[in-house]
Amino acid sequence: MAAALGGLGLLQGRVRLAAATAAASLRSRPGSRGLVPGGAAWPPAGRGYSSEAKGEEELRVRYLDDENQGIVVLGLNRSHAKNALNKNLLKMMSKAVDALKSDKKVRTVIFRSEVPGIFCAGADLKERAKMHSSEVSSFVSKARATINEMANLPVPTIAAIDGIALGGGLELALACDIRVAGGTQRLPRTIGVSLAKELIFSARTVDGEEAKSIGLISHVVEQNESGDAAYRRALALAQEFLPQGPVAMRVAKLAINQGMEVDLVTGLAIEEACYAQTIPTKDRIEGLLAFKEKRPPRYKGE
């Protein structure tokens, strides 16, 4: 039975790991079809794709309401290009992330694909082929910066991968909080150096169950008829986050991200400093009052 990663899963249980920060798609030579490590080509011969927008919204930003208020969904929507990353999509992603990071009403961000069967095929190689060599380096830097911006959002982020993720697409997905991994830097921090090298050097294709067993992803769910099982699981996870204090969530993420880069003593000092930021907030007072009165808290992100 094909499996999809719920919250962080794979449609048909398949994902290809890319080497050297998505070298497969982001660094392949101009004019190539996008090699994944090991020499496999994407897209297959005869299945190329256009980098032209063709009038569709390449990134759909949806602010959910009612019981899901506070959840924002970013949907990749380049069906003609298998959601490949081009200049315009990166620009739209960067603009969206910039708006989200300063919006206190945002509680959780879900990253998904609006295109059935594919999460992201990596860089748009047809667009790349038209670039001057000097433009390629700038494009790669922009892609990396955009992915880092997403990883550094102050609120929880969840990648819902209902399809194949290749090269930069996998890097993009794995920059989310539920499972932050990928490339040559995030992957070793998640599954260990030795296993990371093995997967990167071999470009092995792993299914959902194996990915979960090695700690690469967090959830595996059976795919549904509509092909959005991972998104549904991601939404359920996001709903679990909504009752929590928004200020506390932000500083908790900050403490975890910064603490993982330093020794334990320094990490504990970072944790203490982050906790201190919650003490004078109205949200903390509201949380204590709600606990005392045995009612749901009414947080305002202050």
Side-chain angles (χ1 to χ4, degrees), residues 5-8 61-75 93 96-112 146-161 172-181 186 189-190 217-219 230-262 264 266-302:
L5 299 178
L8 283 274
V61 182
R62 291 189 294 135
Y63 288 73
L64 305 189
D65 51 23
D66 298 330
E67 70 274 11
N68 294 320
Q69 187 170 358
I71 300 173
V72 179
V73 181
L74 300 183
M93 288 169 53
V97 169
D98 189 57
L100 291 173
K101 67 184 180 184
S102 59
D103 190 342
K104 292 185 177 180
K105 295 181 180 180
V106 176
R107 305 288 295 279
T108 300
V109 176
I110 298 176
F111 221 99
R112 67 169 302 192
T146 301
I147 291 172
N148 286 338
E149 288 172 5
M150 190 181 74
N152 291 326
L153 274 170
V155 297
T157 55
I158 306 173
I161 314 174
L172 177 68
L174 296 179
C176 292
D177 291 319
I178 296 301
R179 177 59 58 216
V180 180
R186 292 189 178 98
R189 285 170 168 77
T190 302
I217 53 92
S218 301
H219 300 274
Y231 170 67
R232 294 297 171 187
R233 183 69 178 106
L235 185 60
L237 286 170
Q239 290 169 344
E240 291 184 43
F241 300 160
L242 288 179
Q244 315 311 320
V247 175
M249 293 283 280
R250 289 170 182 259
V251 297
K253 177 172 177 175
L254 180 64
I256 294 170
N257 285 354
Q258 294 189 354
M260 288 298 295
E261 303 299 324
V262 299
L264 179 59
T266 305
L268 291 172
I270 292 173
E271 179 184 69
E272 184 176 357
C274 286
Y275 176 71
Q277 295 180 42
T278 69
I279 295 176
T281 63
K282 295 180 181 179
D283 276 0
R284 178 176 178 273
I285 297 173
E286 166 60 19
L288 293 173
L289 185 61
F291 178 78
K292 181 180 179 180
E293 297 176 354
K294 298 181 179 180
R295 62 170 174 80
R298 295 183 288 270
Y299 294 119
K300 297 182 179 180
E302 302 174 351

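The first residue in the sequence is number 1, and the count goes up from there.
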How far does [atom1] of [X] sit from [atom2] of [Y], to the nearest 0.5 angstrom?
X      : Y      : atom1 : atom2 : answer
Leu254 : Cys274 : CG    : SG    : 4.0 Å
Asp283 : Met249 : CG    : CE    : 12.0 Å
Ile279 : Ile285 : CD1   : CD1   : 11.0 Å
Leu242 : Thr108 : CG    : OG1   : 5.5 Å

Under 3.5 Å: donor-acceptor pair, side chain of [X], backbone of [Y]:
X      : Y      : result
Arg112 : Ala160 : no
Thr157 : Asp177 : yes
Arg107 : Ala238 : no
Glu286 : Arg298 : yes

Can you find a pair of side-chain heavy atoms, one from [X] and one from [Y], that are under 4.5 Å apart?
X      : Y      : value
Arg250 : Val155 : yes
Leu153 : Val97  : yes
Leu100 : Leu74  : yes
Glu272 : Leu268 : no
Leu235 : Gln239 : yes
Asp103 : Tyr63  : yes
Pro246 : Lys104 : no
Cys176 : Met150 : yes

Closest heavy-atom pair and its distance - [X], [Y]:
X      : Y      : value
Pro243 : Tyr299 : O-CE1, 3.3 Å
Ile270 : Ala255 : CG2-CA, 4.0 Å
Val61  : Ala96  : CG2-CB, 4.2 Å

*Taking it one step at a time, do Ile147 and Met93 satisfy side chain to side chain contact (heavy atoms under 4.5 Å, CB included)?*
CA-CA 9 Å; Ile147 291 172; Met93 288 169 53; 5.6 Å; no

